[in-house]
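To find a chain, count down the sequence lines: A is the first, B the second, and so on, and within it residues start at 1. From a predicted model like this one, the values you see are computed outputs, not experimental measurements.
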Amino acid sequence: EPEVTQTPSHQVTQMGQEVILRCVPISNHLYFYWYRQILGQKVEFLVSFYNNEISEKSEIFDDQFSVERPDGSNFTLKIRSTKLEDSAMYFCASSYMIGAFFGQGTRLTVV
Amino acid sequence: DAKTTQPNSMESNEEEPVHLPCNHSTISGTDYIHWYRQLPSQGPEYVIHGLTSNVNNRMASLAIAEDRKSSTLILHRATLRDAAVYYCILGGTSYGKLTFGQGTILTVHP
């Protein structure tokens with residue numbers, strides 16, 4: 001069964017450093033998303049991406065965040081200057097017409 | 001986004017049916033009803049979605065009230081693997097942005 005894959009599974013970074021979280025969505029999907037989940041809290045929408053541009057973003061997705069689909073398969077989330085409060089699980093998802101399929105997540109720890 | 005209300009937690013025994021309710025009294029005529037679940041330490045997983053009619057798939061059934069102000073996710077025979085947080089989410093399309101609430105924590109007893 002096709003799946004969304006995310007790498008790395010765990011990333012530890014120092015405050016102020018840039019991180020790039022990587023995702024390989026399901027190959028025929030057209031819509032791509034990033035969500036995050038701070039430990040013990042709700043899953044929060046960050047951004048959606050369609051046709052090579054951002055289609056919607058939340059208030060969380062400020063200028064420190066960017067997304068890119070550099071080739072036909074990868075979808076990345078970049079955080080330019082990480083803060084302690086960016087520590088969370090980051091989930092990538094993709095969809096075609098029915099439902100969204102999520103990856104297993106990247107646990108980002110900012111120290 | 002239209003709001004949904006779910007019980008904080010529910011319990012079931014293995015191999016028994018489970019009915020997970022969701023109220024969405026402010027649903028609009030074009031909102032889809034989505035159900036996702038999140039197993040411990042995993043990403044959310046699509047379960048089922050519907051618009052007006054009841055829906056069945058290999059994982060579950062979705063029963064939608066005639067006035068669409070409530071719905072029920074039915075797991076026909078709960079297994080230990082079904083222990084998860086279940087989210088009822090309204091959305092304008094069958095795909096698209098999802099706004100997660102707190103969901104219902106389902107505990108399944110052996």
For A:Gln37, is it the side chain, the backbone, both, or neither that has a heavy atom closer than 4.5 Å to a heavy atom of chain B?
side chain
If you count every heavy atom of other residues, nucleotides or ligands that lies below 6.0 Å from A:Leu39 atom CG, does the total exceed 12?
no
Pairwise salt bridge (charged side-chain N to carboxylate O under 4.0 Å, His left out) hits with a residue in residues 17-40 of chain A, at least two apart
A:Arg36-A:Glu44
About how many Å separate NZ of B:Lys97 and OG of A:Ser55, when rounded to the nearest 0.5 Å?
10.5 Å
Taking only residues at least two apart or on different chains, which pairs with a member in residues 11-60 of chain A satisfy disulfide bond (SG atoms under 2.5 Å apart)?
A:Cys23-A:Cys92
As an exercise, state the distance from OH of A:Tyr35 to CG of B:Leu98, rounded to the nearest 0.5 Å.
3.5 Å
Which of residues 56-88 of chain B have a heavy atom under 4.5 Å from any heavy atom of chain A?
B:Arg58, B:Tyr87
Suppose the criterion is side-chain hydrogen bond (donor to acceptor under 3.5 Å, both in side chains): which pairs have a residue in residues 61-80 of chain A, not counting sequence neighbours?
A:Asp71-A:Ser73, A:Asp71-A:Asn74
With a 4.5 angstrom heavy-atom cut-off, could you sort out which part of A:Tyr96 is near chain B: side chain, backbone, both or neither?
backbone
Do the side chains of A:Ile20 and A:Val67 join up, straight or via other hydrophobic residues, at under 4.5 Å, putting them in one cluster?
no
Students often mix this up, so state it plainly: with edges at 30° and 60°, are the rings of B:Tyr36 and A:Phe102 parallel, tilted or perpendicular?
perpendicular
Is B:Val18 reachable from B:Ile33 through a run of hydrophobic residues whose side-chain heavy atoms are each under 4.5 Å from the next?
yes
When hydrophobic residues are tied together by side-chain contacts of less than 4.5 Å, even through go-betweens, does A:Ile54 share a cluster with A:Phe32?
yes
Approximate separation, where rounding is to 0.5 Å, of A:Gln41 CD and B:Gln102 CD:
8.5 Å
Closest non-hydrogen atom pair between B:Gln42 and A:Phe91, with its separation:
O-CZ, 3.9 Å
Would you say A:Ile79 and A:Phe45 are hydrophobically clustered, going by side-chain heavy atoms of ILVMFWY under 4.5 Å?
no
Largest heavy-atom contact set with chain B, pairs under 4.5 Å, which of A:Glu56, A:Lys42, A:Met89
A:Lys42
Are B:Leu20 and B:Ile27 grouped together when hydrophobic residues (ILVMFWY) are joined by side-chain heavy atoms under 4.5 angstrom apart?
yes
